[in-house]
There are 2 protein chains.
Amino acid sequence: MTDKTPLWQAIADTLRAEITSGHYPPGDRLPSEAALATRFGVNRHTVRHAVAQLADAGLVHARRGAGVFVTARPTDYALGRRVRFSQNLAAAGRTGSHRFTRLETRPCDAVEAQMLDLSPGDPVHVVEGLSLADGQPLALFRSVLPGWLAGFCDHARDHQSITAALAACGVADYTRASTRITAKLANATQAVALRIPQGAPVLRSVAVNLDDGGRPVEYGRTWFAGDRVSLVLAD
Amino acid sequence: MTDKTPLWQAIADTLRAEITSGHYPPGDRLPSEAALATRFGVNRHTVRHAVAQLADAGLVHARRGAGVFVTARPTDYALGRRVRFSQNLAAAGRTGSHRFTRLETRPCDAVEAQMLDLSPGDPVHVVEGLSLADGQPLALFRSVLPGWLAGFCDHARDHQSITAALAACGVADYTRASTRITAKLANATQAVALRIPQGAPVLRSVAVNLDDGGRPVEYGRTWFAGDRVSLVLAD
DNA sequence: CTATATTTGTCCGTATGTATC
DNA sequence: TGATACATACGGACAAATATA
């Protein structure tokens, strides 16, 4: 080898190409380090160096005693002024679906009142649910909507869609005023719902949507499974 | 008790009010569970239930053996077309500073080549460093810049600023083409540098900046301490 | 560095009121 | 009415992490 690039990097590039080309699909196990070492004709440590780079890049993840697995490609989820769940997943080539787990009207607390421009104790509609992509849990969400949207819960139950229910309440269009993103660790409840191990990272997004008159119509919080989604801000 | 609201919720509300009113400032320790139990005249488990709700809301966080602490408000970090670190922190009322930990020119790998529109092996400048807010580590970053920016490393060393070094290389302005955000767990290296426990959540942001001619001039990755920052997308 | 006390985390219980089938 | 499940509240014991002398 007269080439200046290190052996381990060449091996890493080869593996990366094989993974991205689909030779090793997401969830698949790579050949053992020993097998890769014989294949490339190098020492196992050289393979380890290459695999470590891929793992650091998040492309694969090793499980002691089990092997090295190709990380499932995270679903791209676009954030912007107009965020619509199903459209987003369609763009990412996935079939998305909701499942509402709670639907109720109750008095709001202080935080909800401030975000929705209400007085504490005013009625609000609350929708909780789970977002699925290709049948796999992608995110938990809790949306709070002002009580003056008459009959929202019934519409939501009928249409199984927040956008459709808002339309039925006379809110034809809405845009996102602000989004705030933080990283948290999954608590027990979230871990069970999202089918991720407890302590796995979750992306928490807090957003407020306004109708075309500038009135707040939705205060939504979403918890994404951190390793199944990547939020994309496209300008 | 003829009241229908649970005891633990009333206690949680009381504590929440005392925290938000500033009675317990951020970073402060709450009285021990035993002390709170005697104060409210309830069992320790009831206090624990109340505190757990506050912790779940992110208002406080408990450290075994140490106590329950009021969570410091995370620094707001605005994301948009024009992202400048120091400006962001100034807007949040913090004093920001960089510290470059590595500065070198080397051949690029396959991913860097693709992101920067180069051929694999072309030279790139690499800047690694730590971002601090009020002296506290906020984020780790690794920026990769194309090699045709002559003398970038020297300029960066002189100015201790990526924006200034780019200006010295003739790139007067640059805008962010795309940003991609995922949640990860801190590995040992990141944990030490950011002074967070290993396994704490980190926000990974991957972005590409373009000059006014649309050429990629920076491929930057940033790892934010998940509980010290909240990324804000303002439209 | 070694106790020792403090504090939270987790587990075992018991009992009661309420909602549901 | 009975059976069952669940949330609430209390009591105790010990483990694990931390602070302190």
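In the text below, chain A, chain B and the rest are named by the order of the sequence lines, each starting its count at 1. These values consider heavy atoms only, across backbone and side chains, with no hydrogens, waters or symmetry-generated copies.
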note: B:His61, atom NE2; D:dA17, atom P; distance rounded to Å ~ 18 Å
Nearest heavy-atom approach of A:Cys169 to A:Phe152 is SG-CA, 3.8 Å
### Query
Do B:Arg44 side-chain and C:dG9 base share a donor-acceptor contact under 3.5 Å?
yes
Testing D:dA9, D:dT18, D:dA16 for proximity to the side chain of B:Ala66, the answer is D:dT18
Residue-phosphate contact under 4.0 Å: B:Asn43 side-chain N/O, D:dG11 OP1/OP2
yes
Inset, instruction - Just say parallel, tilted or perpendicular for the rings of A:Trp8 and A:His49, cut-offs at 30° and 60°. - result: parallel
Requested in this report: Report, as yes or no, whether the 6.0 Å neighbourhood of atom CD on B:Gln9 holds more than 12 heavy atoms from other residues, nucleotides or ligands.
Outcome: yes
B:Val42 has its side chain closest, among C:dG9, D:dC10, D:dT8, to D:dC10
Picking from D:dT8, D:dA17, C:dT10, the nucleotide nearest the side-chain atoms of B:His45 would be C:dT10
Whole-Å distance, B:Arg48 CZ to D:dG12 P, equals 17 Å
Quiz item: More than 12 non-hydrogen atoms from neighbouring residues, nucleotides or ligands closer than 6.0 Å to NE2 on A:His45, yes or no?
Solution: no
### Residue-phosphate contact under 4.0 Å: B:Thr46 side-chain N/O, D:dC10 OP1/OP2
yes
Separation of D:dA7 atom P from B:Leu7 atom CG, nearest Å, is 17 Å
Whole-Å distance, B:Phe69 CZ to D:dT18 P, equals 11 Å
Is B:Arg63 touching bases, backbone alone, or none of the nucleic acid, heavy atoms closer than 4.0 Å? sugar-phosphate
Paired with A:Leu145, the side chain to side chain contact (heavy atoms under 4.5 Å, CB included) test is passed by just one of A:Val127, A:Val217, A:Asn209, namely A:Val127
In whole angstroms, the gap separating P of D:dC6 from NE2 of B:His49 amounts to 16 Å
Whole-Å distance, B:Arg64 CZ to C:dA5 P, equals 20 Å
In whole angstroms, the gap separating C1' of D:dA9 from CH2 of B:Trp8 amounts to 12 Å
